[in-house]
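Taking it in order: structure first as structure tokens, then the write-up.
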Amino acid sequence: MKVSIFIPCFIDQLYPSIGLHTVTLLERVGLDVEFRAEQTCCGQPPFNAGRCREARAIAEHFVRVFQDADLVITPSGSCAAMIKRHYVDLLADSECLQDAVQLGERVWELSQFLVDHLGVVDVGARLSGRATIHDGCHGLRELGIRSAPRRLLEHVRDLRLVEARESETCCGFGGLFAVKFPSIATAMADVKCGAIAEAGVDYVISCDASCLMHIQGLLDRRGDGTKCLHLAEALVSA
Amino acid sequence: MTQTARQFQRNCDTTTNDADHRSWIRIALNQAGDARSTAQARFNDWDGACGAASQIKWESLDHLAENLESFEAKLLARGASVHWAETGEDACAYILRVAAERHAKRIVKSKCMTTEEIGLNERLEAAGLKVVESDLGEFIVQLRKEPPYHFVFPAMHLRRNRISETFEREIGAAPTEDAESLTLTARQELRNVFLSADIGISGANFGVADTGMISITENEGNARLTTSIPRIHIAVMGIEKVIPRLADLALLLPVLATSATGQTLTCYNTMIGGPRQPGEVDGPDEFHVILLDNGRTRLLADPGLRDALRCIRCGACLNICPVYRNIGGHAYDTTYQGPIGAVITPHLQDLTNWKHLAFASSLCGACTETCPVGIRLHDHLHHTRSMVAERKTSGLEAMMARMYAFAALRPGLFQWCGRQMRRTLRMTTRFRGGRLDPFRAWRHTRDLPAAPAKSFHDLWKERKA
């Protein structure tokens, strides 16, 4: 089966290895992965700022790039939610609305694709240590991503998965929010890091690298040794 | 940035730096959350109940004009006075007129956010009237000359020792940290207030259209005393509070109690349909109902905002909101705090001064998930952001959005920009949040990852080569 991957802009620029891990993982479960170099962004940054005209143009570009792809997999719950849930309204007056709606049904967030679409829960990974999951808000509340990453991680050998308090509480990232209201965003991350410290884990694992960038940013500043891992990274470890 | 926005940032800086305060709020709100979960579990089908409550509130708005007319007609028939107030000023002026004509000196109030919204207490006091809040929490914050911290739990930010200090300083009570003793102090103080008040002012949780009654839900019995002992009772309510049928309360009261305080029902639920009728022994001589618009019809007219008028003011969105939990209620400087406050304030007041509240959110959606009447709170915040963006098509943010979109439509340019961004990130790492750091807003409090030399695009090209 051939799948196309969408690598979100900040993963492309700041965490390219997460992109590679995603490819490795998809190949490991027997898929033929293609990457369309014309892809850029899903449009979420201007969309969240209320700049819908700009977001619309970017969303149309996304639809044009992927419209003939059978399946599009992305290692981000947030970007997947943008495409699957928000394009409908955003592109309501656009010529590509129909294509966008149909494409939305073929776009999958990585963990849900593996578990719900392919039925794969064991990818043969091994990672030693204790880990907890951070549920990214958009993936959790807009796509219902809750059990998929847990089922995948439960099958990772030597990994002890624990639930921390506040696992479903926002980490405070929220895109531009994190820089427009740094004191609030940092306080929110502080609550998150407190719960992580209390859980005494080696890893915080999430389906969203943007949340992890924020959490790791404060963990590092606090000098906590806990490491943030994107789900794809945890699942390719051996 | 407006003065209000700057003040908001300063308020946020203060509370987010106060770890003790934040921890106290977290503990208090976690308890509220646990109580709510327990109460929710008593429903056979909580989601079904919320769905039905949500429908009733939609129906209320869809037939608001008829509901209000029926509500008014029934009240008038029982000898009540109904005053339609277009603005807060109208409402205050009406109350001042009633007070002046009846030579009233003393006023007792039960908890009513609508009167906070219109600044009634300040107006009454300026006219030389003595005003006392009788809800325990409101009584405490009034003594402290503070606004309510939370529109359901007005004094939740105060530990018992602070309440004791307040009572000692303001009414000469003996210091104690015993909750019962503190309550008794307030009770003794308030008894005389009830007995000597000329006017009692209350709010209304709901107005009932088919019977012409107001419904008040409370736990202390102070609203009953406020509305029945003084010879004049004035109720101030927003027009959106009117629901079609008395029977709807059978659902709405438990849903409200569960969401607000984690109770199956509150201790006292009162329905009032008029002044004392012939042959009745209790009740005031006069009953006035003020139906307040104060910007509500503006929300009603906007299909994108109308939804927010279904709010039953349970406060559940505040309790769950990670922003509220970290900045606290006073940071907002608004009558209605938290997500619902951030949704309605920019439209009830004005967009220019209050738009920052719509941006002070990570749009995490916890509020929408918890709202018992299904208000899409975080979508409304986003809607407000779009309204701001539509009006402000020049300036730095508009330009940045246009530049971002320009680049995002050109993959080669987008990659080039990414490369420059990574280079800047690498060159400025040593500034680490200092004054020269272009990423200061982030790096002042948090680290950023080390910028990689290559993007995924680059790595993919190499992989294929």
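Throughout, protein chains are lettered first and strands after them, A, B, ... in sequence-line order, and every chain is numbered starting at 1. Any value given below was found using the heavy atoms of this structure, including those in side chains, with hydrogens, waters and symmetry copies removed.
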Which residue out of A/His214, A/His61, A/Gln13, A/Glu54 racks up the most heavy-atom pairs below 4.5 Å with chain B?
A/Gln13
In terms of heavy-atom pairs under 4.5 Å with chain A, which of B/Ala358, B/Ala408, B/Ala19, B/Ala441 leads?
B/Ala408
Start with the C-alpha gap between B/Tyr404 and B/Phe414, add the side-chain angles, then the distance that decides, and say whether ring pair (Phe, Tyr, Trp, His ring centres under 6.0 Å) holds.
CA-CA 8 Å; B/Tyr404 185 83; B/Phe414 200 62; 5.7 Å; yes
What part of A/Gln216 is in contact with chain B, defined as an atom under 4.5 angstrom from a non-hydrogen atom: side chain, backbone, both or neither?
neither
Over all atoms of both residues, closest heavy-atom pair of A/Thr40 and B/Pro411:
CG2-CA, 3.8 Å
Once rounded to the nearest 0.5 Å, what's the spacing between atom CD1 of A/Ile215 and atom SG of A/Cys193?
7.0 Å
Under 4.5 Å from any heavy atom of chain B, what part of A/Ile5 do you find: side chain, backbone, both or neither?
side chain
Under a 4.0 Å N-O cut-off, is there an ion pair linking A/Asp135 with A/Arg150?
yes
I'd like to know which of B/Met400, B/His378, B/Arg432 tops the heavy-atom pair count under 4.5 Å against chain A.
B/Arg432
Less than 4.5 Å to any heavy atom of chain A: does that hold for the side chain of B/Arg402, its backbone, both, or neither?
both
Using a cut-off of under 4.5 Å for heavy-atom pairs, which of B/Arg463, B/Met421, B/His444 has the most such pairs with chain A?
B/Arg463
Pick from A/Gly194, A/Ser17, A/Gly175, A/Cys41 with the largest number of heavy-atom pairs that fall under 4.5 Å of chain B
A/Cys41
Minimum heavy-atom distance B/Thr445-A/Leu218, with the two atoms named
O-CD1, 3.5 Å
Carefully, step by step, assess A/Thr186 and A/Arg221 under the rule side chain to side chain donor-acceptor pair (under 3.5 Å).
CA-CA 11 Å; A/Thr186 306; A/Arg221 189 55 66 95; over 6 Å; no
Per-residue tally against chain B (heavy atom, under 4.5 Å) across A/Val23, A/Leu14, A/Asn48, A/Asp220 peaks at A/Asn48
May I ask you to check whether A/Tyr15 and A/His230 place their ring centers less than 6.0 Å from one another?
no
Name the option with the most non-hydrogen atom pairs under 4.5 Å to chain A; the candidates are B/Pro449, B/Cys364, B/Ala450.
B/Cys364
Tell me, for B/Ile327 versus chain A, whether the close heavy atoms (under 4.5 Å) come from the side chain, the backbone, both or neither.
side chain
Name the option with the most non-hydrogen atom pairs under 4.5 Å to chain A; the candidates are B/Met387, B/Lys464, B/Lys454, B/Glu397.
B/Glu397
Taking B/Arg410 for the side chain and B/Phe406 for the main chain, is one N or O donor matched with an acceptor at less than 3.5 Å?
yes
Looking at B/Ala331, B/Gly365, B/Ala389, B/Ala405, which has the largest count of heavy-atom pairs under 4.5 Å with chain A?
B/Ala389
Under the salt bridge (charged side-chain N to carboxylate O under 4.0 Å, His left out) criterion, do B/Asp333 and B/Arg10 qualify, and how do the steps go?
CA-CA 12 Å; B/Asp333 279 330; B/Arg10 279 197 292 269; over 6 Å; no
Below 4.5 Å from any heavy atom of chain B, which atoms of A/Phe62 appear? Answer side chain, backbone, both or neither.
neither
When the 4.5 angstrom heavy-atom criterion is applied to A/Ala37 and chain B, the contacting part is both
What option among A/Ala187, A/Cys137, A/Gly174 has the most heavy-atom pairs under 4.5 Å with chain B?
A/Ala187
